[in-house]
Amino acid sequence: MGMVRKLVALFTASAVTLLTMGSATAEQGQPFPWQLDLQEAFSPVAADQQVFHDMLLWIISIITVFILLLLIYVMLRFNKRANPTPSKTSHNTLIEILWTVVPIMILIVIMIPSLKLLYYGDRIETPDMTIKAIGYQWYWGYEYTDEEDLTFEAVMLEEDELKPGQPRLLATDNAIVLPIDTNIRILVTAEDVLHAWAMPALGVKMDAVPGRLNETWMRIEKTGVYYGQCSELCGTRHGFMPIMVKAVSKEDYAKWLVEAKKEFASGGAPTIKFAQIVSPSAQ
């Protein structure tokens, strides 16, 4: 009995520790040990993605259980011992109609919210601000296109550079500072090879293609620090291209802009150009 009590106490303490650690880490927009579900959503698109995910989970679970029960019934009802004289029926119109129509209906149920979510997360008609993310081997560069002369690069911090509370392989030297409750358009491209700008807690994942400008958007609902990574196999240091977003209030963002324009002034350096075409006559 004493051993059982110790095991119960140990299990309870471990569960509390995991839950506490999970909730504290989830505030920072990153996964936590022993996590069973998706990361907590901090944007409207991420919230809708999780609702759609849960709906699909119910559908596939029901289908799986139904198929399992059907297989068990067939094995018990139509084995050689229970059914020594098998039926020679080769055609059943009702069953053939059902196994054609039912999957179509299931696909329609999945398709409608899928397309709605796809279009909802694609772009925002009237953005409040725009930032551009540029993938390099192997780090990210950022341009605040609404602000004059505000560009910087964000490189992963090595272990000896981490500050207390910063996660390994996810923290960068410069964070993307963004205001909450703001419709933010994100333009994504790359300078060299394919990359992908992904932020799970904010429901964003967009390919970065050289010579192409892809667009998506997000609206952060809570202040905090959020982490993501490049999600495209882009080379030997693919796993060392983290993304770090610091969401602040609109007042704090306005204050940060003043300081950032001084700190990250490019001194008139040209920004990256896309699809620059030179006519034959100009050559």
Side-chain angles (χ1 to χ4, degrees), residues 15 18-74 94-128 133 170 178 180-186 188 196-208 214-233 243 245 247:
L18 286 175
L19 290 174
T20 305
M21 179 172 54
S23 61
T25 309
E27 293 289 332
Q28 298 180 343
Q30 60 174 311
F32 56 88
W34 296 92
Q35 179 176 338
L36 297 178
D37 203 353
L38 301 174
Q39 288 183 225
E40 187 176 354
F42 290 95
S43 76
V45 174
D48 285 358
Q49 288 174 349
Q50 294 197 9
V51 170
F52 183 61
H53 166 270
D54 293 343
M55 184 194 76
L56 290 181
L57 191 61
W58 277 106
I59 291 175
I60 193 62
S61 298
I62 293 171
I63 293 173
T64 303
V65 171
F66 172 74
I67 297 298
L68 176 62
L69 295 176
L70 187 60
L71 286 173
I72 293 174
Y73 172 77
V74 169
L94 177 60
I95 291 178
E96 292 183 5
I97 292 175
L98 287 176
W99 73 35
T100 302
V101 173
V102 171
I104 292 175
M105 299 303 296
I106 294 174
L107 289 176
I108 291 175
V109 169
I110 294 174
M111 179 191 69
I112 295 174
S114 174
L115 290 177
K116 289 177 63 178
L117 178 58
L118 206 61
Y119 281 101
Y120 180 55
D122 182 41
R123 63 183 60 194
I124 188 72
E125 295 296 333
T126 54
D128 299 318
L170 290 176
L178 297 172
I180 62 171
D181 299 327
T182 303
N183 294 331
I184 304 167
R185 177 169 57 186
I186 307 171
V188 184
W197 201 88
M199 186 66 60
L202 303 178
V204 177
K205 182 181 183 296
M206 180 57 66
D207 287 344
N214 289 331
E215 178 180 338
T216 185
W217 75 284
M218 63 184 180
R219 181 183 180 88
I220 309 174
E221 298 177 334
K222 187 175 181 180
T223 59
V225 182
Y226 304 91
Y227 297 96
Q229 291 176 298
C230 174
S231 295
E232 188 72 45
L233 294 175
I243 303 164
V245 172

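Side chains are part of it too, since the values below use all heavy atoms of this structure and drop only hydrogens, waters and symmetry mates.
By the side chain to side chain contact (heavy atoms under 4.5 Å, CB included) test, Ile104 is found to be paired with Thr100, Ile108, residues two or more places apart in sequence or in another chain being considered. For Leu178, the side chain to side chain contact (heavy atoms under 4.5 Å, CB included) test picks out Met129, Ile131, Tyr144, Ile176, Ile184, Met218, Ile220, Val245, with sequence neighbours left out. In terms of the side chain to side chain contact (heavy atoms under 4.5 Å, CB included) criterion, residue partners of Val74 (sequence neighbours excluded) are, by chain and number, Phe78. Taking Trp217 as the reference, nothing meets the side chain to side chain donor-acceptor pair (under 3.5 Å) condition, with sequence neighbours excluded. For Glu221, the side chain to side chain contact (heavy atoms under 4.5 Å, CB included) partners at least two apart in sequence or on another chain are Pro44. Every residue meeting the side chain to side chain donor-acceptor pair (under 3.5 Å) condition with Asn214, not counting sequence neighbours, appears here in chain and number order: Arg212.
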Donor-acceptor pairs are to be reported for all side-chain atoms of residues 112-128 against protein atoms at under 3.5 Å, with residues two or more places apart or in another chain.
from	atom 1	to	atom 2	distance (Å)
Asp128	OD2	Asn183	N	2.9

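Within the 4.5 Å cutoff, side-chain heavy atoms of Tyr226 are placed close to those of Met199. In this structure the side chain of Ile186 never reaches within 4.5 angstrom of the side chain of Glu215, judged on heavy atoms. Taking 4.5 Å as the limit, some side-chain heavy atom of Phe52 sits within range of a side-chain heavy atom of Ile110. Residues Gln229 and Ile243 have side chains not in contact (no heavy-atom distance under 4.5 Å, counting atoms from C-beta outward).
Using a distance-only test at 3.5 Å, with no hydrogens or angles considered, a donor-acceptor pair links the side chain of Thr182 to the main chain of Ile180.
Within a 6.0 Å radius of CE in Met111, other residues, nucleotides and ligands contribute more than 12 heavy atoms.
Distance check: Asp54 CG to Ile59 CD1 gives 11.5 Å after rounding to the nearest 0.5 Å. To the nearest 0.5 Å, atoms CD (Glu40) and CZ (Phe32) are separated by 9.0 Å.
Here ring-ring contact (aromatic ring centres under 6.0 Å, His included) pairs that include residues 95-115, with residues two or more places apart or in two chains, number zero.
In terms of heavy atoms, Pro200 sits closest to Gly228 at CD-CA, 4.2 Å.
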